[in-house]
2 protein chains.
Amino acid sequence: MDETAPQKGTVTQRAIEQIKAMIAEGRLEPGQRLPTERDLAARLGISRSSMREAIRALTVLGVLEARHGSGIYVTQLEAGDLLETFGVVADLSRGPRLVELLEVRRILESTATALAAARITPDRLAEVEKHLTAMNATDDPEEILAHDLAFHREIAAAAGNDTMAAILEGLSSRTFRARVWRGYQEEGAFTRTRREHAAIHRALAARDPEAARAAAAAHVGEVEEWLRDRLAR
Amino acid sequence: MDETAPQKGTVTQRAIEQIKAMIAEGRLEPGQRLPTERDLAARLGISRSSMREAIRALTVLGVLEARHGSGIYVTQLEAGDLLETFGVVADLSRGPRLVELLEVRRILESTATALAAARITPDRLAEVEKHLTAMNATDDPEEILAHDLAFHREIAAAAGNDTMAAILEGLSSRTFRARVWRGYQEEGAFTRTRREHAAIHRALAARDPEAARAAAAAHVGEVEEWLRDRLAR
DNA sequence: ACCGGCAAAGTGGTCTGATAAATATGCGGG
DNA sequence: CCCGCATATTTATCAGACCACTTTGCCGGT
């Protein structure tokens with residue numbers, strides 16, 4: 001006769017699932033505001049502390065957004081929101097998994113670049129070119145890295161698949177790039193990187209998907225191989 | 001003269017970053033036990049409630065694991081641990097983003113299947129075959145789905161890239177498959193699916209990466225196209 | 001000396017209540 | 001009609017207590 005659920009897991013875990021379910025079932029729309037912490041806690045029959053833990057969890061997952069003094073809202077649930085956590089994988093990975101991540105990036109980036117070659121608009125291509133020249137015009141590693149990131153980000157965006165772009169963004173997170181690229185470029189890979197970027201841009205300008213795919217794969221593959229070698233030692 | 005940090009963001013957010021940093025810097029090893037909640041809170045100068053929120057957040061991210069009565073531990077930080085949250089993306093996506101997710105899956109799955117064709121061991125191939133026959137031997141949709149998932153999971157594992165396998169696992173999460181596959185198979189796609197699975201298995205048995213890639217791409221692409229059509233209406 | 005069980009200490013899980021800080025609201029004056 | 005300020009609402013944080021589960025080690029029996 002026990003009316004109260006099966007009691008599986010912690011109350012916080014259950015609260016997380018219930019809120020997720022509300023969103024999945026459409027009872028909570030993107031951007032919509034939730035009841036207050038106190039209301040929600042009372043409604044699910046748990047304490048405010050536990051409810052806050054659930055909300056915090058969903059916040060770091062990019063599902064909810066808490067605004068101090070205002071309320072709790074469902075995010076737009078766009079790819080960028082939900083895949084932000086992908087960055088922690090890159091940040092906390094080391095050794096062989098870094099190679100695996102680069103392999104995934106190579107696969108996705110080469111496809112994205114190929115798609116971009118077929119779909120990119122002239123103004124976006126100009127934007128890509130801007131970052132390319134800016135990247136080649138400075139010696140500051142920080143600035144180079146920033147334009148490098150932007151260069152690939154524009155291309156990923158041009159591919160027209162936001163989800164893919166968001167994943168690639170995570171795989172190129174600032175700290176990840178900094179950790180791997182640093183060593184790579186210290187070995188005088190600047191000129192090679194420059195040439196590879198030029199090749200990618202050329203393929204995009206020529207609207208040649210296959211060339212773009214090959215150039216992007218080679219670009220990431222170079223780093224991948226370098227890292228593989230370095231780990232072998 | 002303010003000795004206390006820049007105060008950016010909430011204290012909980014800062015605690016999350018600090019613990020993440022400890023792990024990234026190697027001061028916390030995989031599997032290692034952390035100080036108690038009370039100690040950690042005191043050490044960072046915050047309340048236990050806030051510390052608990054930070055721990056809960058890192059728990060859902062698959063970075064930490066709390067064991068009631070025992071303590072808090074760093075997970076093994078393997079791909080599977082950290083990418084578990086990828087499933088929520090699939091669970092909370094709808095409309096056009098489902099197509100995008102399928103596109104990502106098609107790209108990764110086709111590559112994974114190609115790699116598997118080159119690397120799969122005989123006993124793992126036998127395992128794949130087992131799920132194939134079991135899938136064809138029953139009419140229960142639930143059982144078919146389970147073997148379908150296992151079929152692709154074995155192949156992804158054989159590709160030798162745990163990270164890729166973990167991502168694919170998220171893209172094939174039970175609820176995701178259930179939502180999309182349901183509609184797809186209701187339209188009598190069983191026989192077609194069966195043929196496609198057979199083609200994939202044949203390519204694996206023949207150790208033919210290109211055939212495997214094509215078969216896998218076609219397999220996912222079929223569903224992708226169906227979903228695209230369905231959304232267009 | 002070994003072993004089984006039991007008690008106590010340690011630790012995460014939950015609840016309650018209070019205060020601070022940021023935001024939203026509504027009213028009154030210009 | 002609009003601006004500004006007092007007030008209410010809401011999240012952020014803290015403090016302290018108790019419960020549930022796990023681990024540890026002692027103690028008695030064999």
Side-chain angles (χ1 to χ4, degrees), chain A residues 2-20 22-23 28 31-76 81, chain B residues 2-20 22-23 28-76 81:
Chain A
D2 191 6
E3 198 69 31
T4 66
Q7 290 282 357
K8 66 174 175 182
T10 68
V11 296
T12 302
Q13 198 59 42
R14 254 181 296 160
I16 293 174
E17 298 302 331
Q18 293 192 47
I19 295 178
K20 253 175 47 183
M22 282 191 233
I23 296 174
L28 286 176
Q32 182 178 342
R33 187 191 150 166
L34 277 68
T36 70
E37 293 178 348
R38 291 172 173 84
D39 279 359
L40 277 174
R43 202 172 298 200
L44 301 188
I46 67 179
S47 75
R48 202 182 147 216
S49 316
S50 301
M51 179 53 73
R52 272 191 62 78
E53 287 185 27
I55 292 168
R56 174 72 64 177
L58 289 169
T59 296
V60 303
L61 289 180
V63 176
L64 299 182
E65 181 190 353
R67 298 182 205 156
H68 191 166
S70 173
I72 305 161
Y73 302 80
V74 182
T75 67
Q76 290 308 120
D81 299 322
Chain B
D2 191 5
E3 198 68 31
T4 66
Q7 292 282 357
K8 67 172 177 183
T10 68
V11 297
T12 301
Q13 197 60 42
R14 256 180 296 160
I16 293 174
E17 298 302 331
Q18 294 192 45
I19 295 178
K20 253 175 46 182
M22 283 191 231
I23 296 174
L28 285 177
E29 297 283 331
Q32 184 177 341
R33 186 190 150 164
L34 277 67
T36 69
E37 292 179 344
R38 293 167 174 88
D39 279 357
L40 277 173
R43 203 172 298 200
L44 300 188
I46 66 179
S47 74
R48 195 180 156 211
S49 314
S50 300
M51 179 53 72
R52 272 191 61 79
E53 287 184 28
I55 291 169
R56 174 71 66 176
L58 289 169
T59 296
V60 303
L61 289 179
V63 176
L64 299 182
E65 181 190 353
R67 300 183 204 154
H68 191 169
S70 173
I72 305 162
Y73 302 80
V74 182
T75 67
Q76 290 308 120
D81 298 322

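Values below: all heavy atoms of this structure, side chains included; hydrogens, waters and symmetry mates excluded. Each chain gets a letter, A, B and so on, in the order the sequences are listed, and its residues count up from 1.
Residues A:T75 and A:L64 have side chains not in contact (no heavy-atom distance under 4.5 Å, counting atoms from C-beta outward). B:K20 places a side-chain heavy atom less than 4.5 Å from the side chain of B:L58.
Between the CG atom in A:L44 and the CD1 atom in A:I19 there is a gap of 6.5 Å [rounded to 0.5 Å]. Separating the CD1 atom in A:I16 from the CE atom in A:M51 is a distance of 10.0 Å, to the nearest 0.5 Å.
Within the 4.0 angstrom heavy-atom criterion, no nucleotide atom of any strand lies near A:I55. Residue contacts shown for A:S50 are limited to sugar-phosphate atoms, with no base heavy atom under 4.0 Å away.
Of all the heavy atoms in A:V11 and A:S50, the pair that sits closest is CG2-OG, 3.8 Å. Here the closest heavy-atom approach between residue A:T12 and residue A:A54 is recorded as CG2-N, 3.6 Å. A pairwise comparison of heavy atoms in A:A57 and B:V60 identifies CB-CG1, 3.7 Å as the closest pair.
When the side-chain nitrogen and oxygen atoms of A:R56 are compared with OP1 and OP2 of D:dA12, none of them lie within a distance under 4.0 Å.
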With the criterion being N/O to N/O and under 3.5 Å, what pairs connect the protein with nucleotides 18-24 of chain D, and how long is each?
{"residue": "D:dA20", "atom": "N3", "partner": "B:H68", "partner atom": "NE2", "Å": "3.0"}

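Counting 5' to 3', DNA chain C first comes under 4.0 angstrom of a heavy atom of chain B and last does so at the ends given by C:dG10 to C:dT14.
Using a cut-off of 4.0 Å between Lys/Arg side-chain N and Asp/Glu carboxylate O, B:R56 and B:E53 are scored as not salt-bridged. Under the 4.0 Å criterion applied to side-chain N and carboxylate O atoms, B:E17 and B:R14 are not assigned as salt-bridge partners.
Going from atom CZ of A:R52 over to atom P of D:dC14 covers 10 Å, rounded to whole Å. The distance between atom CG of A:D39 and atom P of D:dT9, rounded to the nearest whole Å, is 12 Å.
Rounded to 10 degrees, the angle separating the terminal axes of the helix from C:dA1-D:dT30 to C:dG30-D:dC1 is 0°, with each axis obtained from five end pairs.
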